[in-house]
Amino acid sequence: MITEHPRIVTSRMGYDDSYTLERYLATGGYEGLRKALTMTPEQVHEEVNAASLLGRGGAGFAAGRKWSMKRADATTYLVVNGDESEPATFKDHLLIERDPHQIVEGTVIAAYAVGASAAFIFCRGEFALGYERLLQACNDAYRYGALGAGILGTDYSLDLVIHPGAGAYICGEETALLESLEGRRGFPRIKPPYFPAAIGLYGQPTIVNNVETMSNLPWIILNGGAEFASFGQGSSAGTRLFALSGHVERPGWYELEMSKTTFRDLIYDKSLGGGVRGARELKAFIPGGVSAPWFFPEHLDMGLDQDAVGKAGSMLGSGSVVVMDETACPVRVAWRITRFFARESCGQCTPCREGSGWVEKVLRRLEDGYGREEDLDLLLDTLDNIAPGLGWPPKQTTICVLGPSIPSSVVSGISRFRDEFLVHVKEGGCPMPPDEVRHG
Amino acid sequence: MGNGGLSPENLERARGIVALYPEPRSALIPLCHLAQAEHGYLTAGAMEDIAELVGCSPAEVGGTASFYDMLHLEPVGRYVVAVCTNIACMLAGAYEVLAHAERRLGVRTGQTSHDGTFTLEEAECLAGCDKAVCVQVNHRFFGPIDADGFDRLVDDLVAGRLADVVPSHGVLSRVHREVGLTARQAKAGREAGKSEEAGQSDETAGRIGS
């Protein structure tokens, strides 16, 4: 159901000048930081633990717990991940462009709590306007006294650097992001160590948190972690920013109470998605970014809940929901998603580098009418070499999780729409080409 | 340095960027953006300058830059037009828009028009899925865009009507950092036993806040 709840991260989106310091200050900006600095770092950490705030980047790891894993060291870093690139995910883009000060404020609060010596916000390069606004917010925050020496009249000091990416999906993976921040190719690092909290930027303990995670912190400090946790349910506490796209009447971003709001609400409610475009039938939807296995009409009444979605064999991931109506071709959609992974594979690990390319080629020939019936088994066999067993959560043969994300769309498509895959073989191509397709 | 190196102004700005980081090498990608802002792509001379500024070889600059989609080792058009064809945009007809763009601009995807005005790219998801089909020109967003919208966009670009919105290719940001690392400077000042001047001394050029 659509519930009453405060707008925690989108409270300023109604203002045209939401990104300016003036608007930020006029709407309670930097009050969370002011309060945090009257508390001890441990107390700030405790509030975030009480909020049960799960990281909003995609993995859904408890933010407070992540902070606890940091190795004690004189030099530690906080890195904020604003490299949002998971297809169909556009909530960090919104937060960066429309409320950069909220990210800066959350970043200072987090740095204070974890005792970071310096902080970096890694902004996806393609967000040129967002990068400009983050830079402006950083300049203005220094002048206002929310960054730099003696923040807001206290003896707490912190420097912040806004760092631009340069176009690579893989840099959203936190160890690849650190490589990129060190001025290198975005190659994910070999694990262990599993968390940069042990060994991160320049080999120092580093906390890497997502932009939306940071954006929640000012509210949590001002209103209390318990108040935040009173929204949502269980581990899915608070509200979350969902990005809805595809075949819906009203694609867009919606801040919703987790768990209690359902996929049906998100897609069909008139104030939200407004239903499938042109009143067509819902065929399938992706519940959390293209790395997630697909859901179908029978999943509509499930809450937007990390645990529930996980138990049902997919993930809430980055909070992006893609709707496909009856005209969507599952071969074509799986091909395009696989093509993305093939293009963005960093190339370090053979299963991912080779597997993604071959799976893409086989899907392409099915779509173009050159496929064979055996291709379906060939696809599954190839994918099984990337993520053995093809289960969920996927097993991993690669350094990072890009590889194990490849099977999701193809396995979903073949399992559910096997007949439609076979029609491509029998009819010599796609029976429903919705637009002009060509090799890119 | 000749051969397309950084201008004196940008060399100065580049040194300021290097000073923001605990390790100079971290400035490599920001400096590549700076060089592209000046030349539209990464010239050999600029890569030599960057190598010297961050302390690596020019080959390492090229080897790093070649990993990233936004960094160009060869000249591109004044406007790099990127049509997203990933899932949400594809469902909205992105391949039709891309095919139309090829006809309108007279190039295939990946090519630059003869007059050097347009380079056409097929982009991966640009995080503008609520405005599918999403198009970027020099990394500024437009959407939703259909074939007619694409023609209007090109007309506007050619007529110079979008000059305020779309800077020339390579200009990632028209805003620059204006404040130094004042926390580090203050700390270094305290440690040196004097207040403000010490922030400028060489020994503070190491790790931020360490």
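Residue numbers begin at 1 in each chain, while the letters A, B, ... track the order of the sequences.
With a 4.5 Å cut-off on non-hydrogen atoms, B:Glu178 touches chain A through its backbone and its side chain both. Contacts of A:Arg277 with chain B are made by side-chain atoms alone, with heavy-atom separations under 4.5 Å and no backbone atom involved. In this structure, the portion of B:Arg140 lying under 4.5 Å from any heavy atom of chain A is its side chain and not its backbone. With a 4.5 Å cut-off on non-hydrogen atoms, B:Ala123 touches chain A through its backbone but not through its side chain.
Checking side-chain atoms of B:Tyr68 against main-chain N and O of A:Gly186 turns up a donor-acceptor pair under 3.5 Å.
Considering only heavy atoms from C-beta on, A:Tyr169 stays 4.5 Å or farther from B:Cys125 through its side chain.
Atom OH of A:Tyr131 is separated from atom NE2 of B:His139 by 13.5 Å, given to the nearest 0.5 angstrom. Here B:Leu181 contributes atom CG and A:Ser157 contributes atom OG; the two are 12.0 Å apart, rounded to the nearest 0.5 Å. Atom CG of A:Leu201 and atom OG of B:Ser26 lie 6.0 Å apart (nearest 0.5 Å).
Classification of B:Arg25 and A:Glu182 as a salt-bridged pair fails, no side-chain N sitting under 4.0 Å from a carboxylate O. Comment: A:Arg336 engages B:Glu124 in a salt bridge, judged by a side-chain N to carboxylate O separation of less than 4.0 angstrom.
B:Arg177 and A:Tyr142 form a side-chain donor-acceptor contact under 3.5 Å, judged by distance and modelled atom types alone. Checking A:Ser117 against B:Arg184 by side-chain atom types alone, no donor-acceptor pair falls below 3.5 Å.
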